[in-house]
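No experiment lies behind these values; they were computed from the predicted model shown.
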Amino acid sequence: MLLSPAIVPKLQETVESTGFLADIEKAINDVFKPIQEFAAEVVFFKIPGWSDGPPFVVLWLLVGAIICTIYFGVPQIRGWTTAFDVVRGKYSSPDDPGEVTHFQALASALSGTVGLGNIAGVAIAVTIGGPGATFWMILAGLLGMATKFAECTLGVKYREINEDGTVSGGPFKYLLVAYGKINGHVAKIMTGIYAVAILFFGVAGGNMFQANQTYAQVNEVMGEDSFLASDGASLIFGLVLAGLVALVIIGGIRSIARVTDKLVPAMATLYVLCCLTVLLVNASHIPSALGGIFQGAFNPEGVAGGVIGVMIVGMQRAAFSNEAGLGSAAIAHSAVKTRRPVSEGFVALLEPFVDTVIVCTMTALTIVVADTALFEQSQAQAAAGEEVTVGGVLLTSDAFESVVSWFPVLLAIAVALFAFSTLITWSYYGQKAWEYLFGRARVSIVIYKTVFCVFTVMGCVLTLGEVVAFADSFLFICAFVNILGLYLLLPVIKSEMREYLADRKSGELLKLGSD
């Protein structure tokens, strides 16, 4: 779902405001601009002497994914059938501790990653890096499956079941154990830093940006003469959206799961069907497009940076999209009903596959195969080193419109659904960070949910681009904290995996009737 700092400003559509609202927005952005620029330089710093290379955090995530892939014996392949068996409840028992089913946990986590970045971010990646960026994006997505496996296994392993039956898990629990191997104070400091980053992004980046884009997309579809284009409409829209969000998040993860296990399949199916329609209409162009993807991956033409440049763009897009290594998804997965932590690790394998290998790839293929004049113009600008004047959602929309004139309406609906699902899932992630920092008292949780809904309204009224960009940068601090924590607990995960696979092979899982 995430967008790199370089992409956020290009995608955000400022909600028109006048008078004091515009003054407030400008004042807040002016304060945050130097803070955001400093944060981006620190978090996304590049290796000295490699100015054209990727941010170090992207390499950190990729190396972590490669290490997990090797250490666990390529779980992306050996765990494939196990993952599907667990998702369909083959080893589940009704009395397993937890709050949601394996499928609901997967849907909730996917709703937090599948978002605008999969549509707009991929379009920009293909424009800047050429079709070849798709190949490296897929490869990075496949590698990220191993990282998800590791962090989500730990999320369940060290979770706590509260007296009311709710679950507290994810990085807020396993990082304490991991860094506790070094020192108790270090564990509290590192986990606290992680919680602050998740909380801030959940309220600003995962909330305001998605609310802003939901309003912008609906407003665009309704047209300039609609009610939404009038003064004060953004405030009313924000209040309605916040009300819908409140109805969902009041019930916690169980309520969120009931919504996402229907919303995620529906929105993904809608979007993929639209993409498939474009691909079928342009079926004769698919072979050449696939050839262009492979050729562009290793022998790019007219793309700045050559092979290394294309590789960086594709892998960076995947890292920003599926959030593998950030630990955020482990928060949702930790609420699953299970007795065996690694069972949910196998389920989590599917998340980067769906998010990056399927959704992101469908976006890239659709744009490349449609090969509209707008896409060619954007590529020419990128190849010439010029600023790309048109990109993001507009490229995907243009590809859709090249087949059916009203398809952009379906795209707008898909984007709105993606944004809403991301918003409610990140409300849960933020709540768990809040609980870690301020406790689980009922009044405290009510305050958090109220603040979250207020920021939802603000997201529709004000863009606050610098604030959102800062939150997006700040979240990647989680990558440094989380990956190092995973390294410290790799033997624990491997032990769980070996025992589980042995029980599966012997039939013990079926015999017990629980996973």
Side-chain angles (χ1 to χ4, degrees), residues 4 6-7 50 52-54 58-59 62 65-66 69 76-77 117-145 272 275-322 352-353 355-388 390-392 394-396 398-400 402-403:
S4 69
I7 292 177
W50 194 11
D52 295 329
V58 174
L59 292 176
L62 290 173
I66 292 171
T69 297
Q76 298 95 320
I77 297 176
N118 299 73
I119 301 174
V122 170
I124 291 177
V126 175
T127 297
I128 298 174
T134 307
F135 175 86
W136 298 109
M137 179 178 64
I138 293 172
L139 179 60
L142 292 172
L143 290 172
M145 293 169 69
V272 170
C275 289
L276 286 174
T277 301
V278 176
L279 294 176
L280 288 174
V281 171
N282 296 279
S284 60
H285 298 159
I286 293 178
S288 60
L290 292 174
I293 288 174
F294 283 100
Q295 180 182 355
F298 300 99
N299 185 31
E301 296 180 2
V303 178
V307 175
I308 298 298
V310 175
M311 185 187 304
I312 289 170
V313 170
M315 289 192 166
Q316 183 166 303
R317 177 63 254 151
F320 285 136
S321 174
N322 58 49
F353 185 83
D355 174 271
T356 306
V357 180
I358 295 181
V359 180
C360 287
T361 302
M362 291 298 290
T363 299
L365 271 177
T366 298
I367 294 171
V368 173
V369 167
D371 196 23
T372 63
L374 195 63
F375 177 51
E376 291 182 355
Q377 174 191 336
S378 299
Q379 276 197 303
Q381 290 176 330
E386 301 174 359
E387 181 181 357
V388 179
V390 178
L394 292 180
L395 286 181
T396 311
D398 195 44
F400 279 19
S402 68
V403 173

Between [X] and [Y], what is the shortest heavy-atom contact and its length?
X: S402; Y: A370; answer: OG-CB, 4.0 Å
X: Q76; Y: T69; answer: NE2-OG1, 3.0 Å
X: C275; Y: M362; answer: CB-CE, 3.6 Å
X: A399; Y: I367; answer: CB-CA, 4.3 Å
X: A65; Y: L143; answer: CB-O, 3.4 Å

To the nearest 0.5 Å, what is the distance between [atom1] ([X]) and [atom2] ([Y])?
X: F375; Y: T396; atom1: CZ; atom2: OG1; result: 10.0 Å
X: T134; Y: L365; atom1: OG1; atom2: CG; result: 6.5 Å
X: M137; Y: T356; atom1: CE; atom2: OG1; result: 7.5 Å
X: T363; Y: L395; atom1: OG1; atom2: CG; result: 11.5 Å
X: D398; Y: T366; atom1: CG; atom2: OG1; result: 12.5 Å
X: H285; Y: L290; atom1: NE2; atom2: CG; result: 13.0 Å

Among L279, V281, L280, the one residue meeting side chain to side chain contact (heavy atoms under 4.5 Å, CB included) with V403: V281
